[in-house]
Chemist: 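What follows is a structure written as structure tokens; I'll ask about it next.
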There are 2 protein chains.
Amino acid sequence: MSTFCKFETALEILVGKWKPVILLRLFSNGTMRFSELQKAIPDITKKMLTQQLRELEYHDIVHREIYRQIPPKVEYSITEYGKGMATILQALNDWGVAHIEHLNELYGTNHSVEAHRSDAMDK
Amino acid sequence: MSTFCKFETALEILVGKWKPVILLRLFSNGTMRFSELQKAIPDITKKMLTQQLRELEYHDIVHREIYRQIPPKVEYSITEYGKGMATILQALNDWGVAHIEHLNELYGTNHSVEAHRSDAMDK
DNA sequence: CGGGATCCAGGCTGATACTG
DNA sequence: CAGTATCAGCCTGGATCCCG
């Protein structure tokens, strides 16, 4: 509605259970092959990895380089445009870390952030 | 895993279909009653509004002031701590706006960001 | 008025199997 | 190796009804 609301768009790019982790790997490791990403993120399935990578690619955050050969080889990297996200990502991360601190002060150390979304709260 | 990954935590607070809109309203209007929020966000159900407000409350972003009277009255506002989010929210928003621009340049004006998540892409 | 409790549908996620 | 296809389960979000 209002223009301010557009920050939902920013979130669209980051949501999806695995996007943060994927971006982390690519930001710190630079170019990575599909299989390297799989190894780096053991719990992710091929399907999810592919899917999230495609979304990031569509948003021009991640570049996909295909080498037509046998066996196939595909490399992923952060685009120049994507690198512009680093600042925000870092800010978001810093705030997240500080926020965990804040929650610790409020509720003590034995809390789980994840457990406190929606209906899990009142149990 | 790594400390950098904690920015997922930041996202936890923002995700949920309605949190951005709710925060927007509270940031711009200041203190609001439950019913005012409902009117301001016509499409949201009570359940969702309550649920999202409770999560924001747990995270100390939103304050809930209850007036024990008949009829009941409950007011919501951004906490002092919550106001510290304004910067990040603004940054996120600015990036989101710019990103829409970027996507327009890439794909033209007739695209839908929302339609390009997950499986909707390849249709 | 401001919720809580239930029930239900759809989408996202995950596991598995198959392909170029 | 790097995916695609299919199917199943869960969880989020929505609708409705009830309560103090």
Side-chain angles (χ1 to χ4, degrees), chain A residues 8 11-22 25-26 31-58 62-77 112 114-123, chain B residues 8 11-22 25-26 31-58 62-77 112 114-123:
Chain A
E8 288 191 305
L11 294 177
E12 296 263 351
I13 285 85
L14 280 327
V15 294
K17 188 171 174 181
W18 301 103
K19 290 210 191 67
V21 202
I22 295 173
R25 296 297 170 183
L26 288 176
T31 300
M32 292 181 77
R33 299 186 56 173
F34 187 86
S35 49
E36 291 179 312
L37 281 166
Q38 265 198 106
K39 261 171 286 182
I41 314 168
D43 291 347
I44 200 171
T45 61
K46 290 179 191 179
K47 176 188 170 184
M48 278 299 103
L49 185 52
T50 306
Q51 184 177 303
Q52 310 273 301
L53 281 169
R54 292 292 147 82
E55 292 176 31
L56 291 169
E57 188 192 0
Y58 172 81
V62 159
H63 173 68
R64 182 165 174 247
E65 186 72 38
I66 308 141
Y67 299 83
R68 295 214 154 276
Q69 58 181 50
I70 307 292
K73 174 176 164 187
V74 179
E75 288 184 340
Y76 294 90
S77 54
S112 158
E114 298 73 30
H116 280 276
R117 295 207 56 235
S118 57
D119 33 37
M121 291 180 54
D122 38 45
K123 294 303 171 52
Chain B
E8 289 191 302
L11 294 177
E12 296 264 350
I13 286 85
L14 281 326
V15 293
K17 188 171 175 181
W18 301 102
K19 290 209 190 66
V21 202
I22 295 173
R25 295 298 169 181
L26 289 176
T31 300
M32 292 181 78
R33 297 187 58 173
F34 187 86
S35 47
E36 290 179 313
L37 281 167
Q38 266 198 107
K39 261 171 286 182
I41 314 168
D43 292 346
I44 200 172
T45 61
K46 290 180 188 177
K47 176 188 170 184
M48 279 299 103
L49 185 53
T50 306
Q51 184 177 303
Q52 309 272 304
L53 281 169
R54 289 293 144 79
E55 291 175 32
L56 291 169
E57 187 191 2
Y58 172 82
V62 159
H63 174 67
R64 181 165 175 248
E65 186 72 37
I66 309 140
Y67 299 83
R68 295 217 153 275
Q69 58 183 47
I70 307 294
K73 174 177 164 186
V74 179
E75 287 183 340
Y76 295 90
S77 54
S112 158
E114 298 72 29
H116 281 275
R117 294 204 59 234
S118 58
D119 32 37
M121 292 180 54
D122 38 47
K123 294 303 171 53

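Just so you know, these numbers come straight off a predicted model, no measurement behind them. Below, chains carry the letters A, B, ... as their sequence lines are ordered, and counting in each starts from 1.
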Chemist: Give the rounded distance in Å between these two atoms: CD1 of A:Ile66 and P of D:dG3.
Modeler: 8 Å
Chemist: For B:Arg64 and C:dG3, is the shortest distance between a side-chain N/O and OP1 or OP2 below 4.0 Å?
Modeler: yes
Chemist: Using atom types as modelled and distance alone, determine if a side-chain donor or acceptor of B:Lys19 lies under 3.5 Å from a backbone N or O of B:Val15.
Modeler: yes
Chemist: May I ask you to evaluate whether B:Gln52 reaches the phosphate of D:dG13, defined as a side-chain N or O under 4.0 Å from OP1 or OP2?
Modeler: yes
Chemist: For the pair made of CG in A:Leu49 and P in C:dC12, what is the distance, rounded to whole Å?
Modeler: 18 Å
Chemist: What is the minimum heavy-atom distance between B:Pro72 and B:Arg33, and which atoms define it?
Modeler: O-NH2, 3.4 Å
Chemist: B:Ile70 CD1 to C:dC1 P: how many Å, rounded?
Modeler: 12 Å
Chemist: Check side chain to side chain donor-acceptor pair (under 3.5 Å) between B:Glu36 and all other residues, then give those that pass, not counting sequence neighbours.
Modeler: none
Chemist: Mind checking what makes side chain to side chain donor-acceptor pair (under 3.5 Å) contact with B:Gln38, not counting sequence neighbours?
Modeler: none
Chemist: Given atom CD of B:Glu12 and atom P of D:dC11, what is their separation to the nearest angstrom?
Modeler: 14 Å
Chemist: From the options D:dG13, D:dG3, C:dG4, select the nucleotide whose nearest atom is closest to the side chain of A:Phe34.
Modeler: D:dG3
Chemist: A:Lys46 versus A:Phe34: any side-chain heavy-atom pair under 4.5 Å?
Modeler: yes
Chemist: Are B:Arg33 and C:dC1 close enough that a side-chain N or O sits under 4.0 Å from OP1 or OP2?
Modeler: no
Chemist: Between D:dG13, C:dG2, C:dG4, which nucleotide gets closest to the side-chain atoms of B:Thr50?
Modeler: C:dG4
Chemist: Is A:Arg25 close to A:Leu37 at the side-chain level, that is, under 4.5 Å between some pair of heavy atoms?
Modeler: yes
Chemist: Please determine if a side-chain N or O atom of A:Arg54 lies less than 4.0 Å away from the OP1 or OP2 oxygen of D:dG3.
Modeler: yes
Chemist: Could you check how far CD of A:Gln51 sits from P of C:dC12, rounded to whole Å?
Modeler: 8 Å
Chemist: What is the distance, rounded to the nearest whole Å, between atom CD of A:Glu55 and atom C1' of C:dG11?
Modeler: 13 Å
Chemist: Which whole-number value in Å describes the distance from A:Gln38 CD to D:dA2 P?
Modeler: 8 Å
Chemist: Rounded to the nearest Å, what distance is computed from the CE atom of residue A:Met32 to the P atom of nucleotide D:dG3?
Modeler: 14 Å
Chemist: Could you write nucleotides 14-20 of chain C as a row of B, S and -, 5' to 3', where a protein heavy atom under 4.0 Å of any base atom gives B, of only sugar-phosphate atoms gives S, and otherwise -?
Modeler: BB----B
Chemist: With sugar-phosphate meaning primed atoms plus P, OP1 and OP2, does A:Tyr76 contact a base, only sugar-phosphate, or nothing at under 4.0 Å between heavy atoms?
Modeler: sugar-phosphate
Chemist: Please name the pair of heavy atoms, one in B:Met48 and one in B:Ile44, separated by the smallest distance, quoted to 0.1 Å.
Modeler: CB-CG1, 3.7 Å
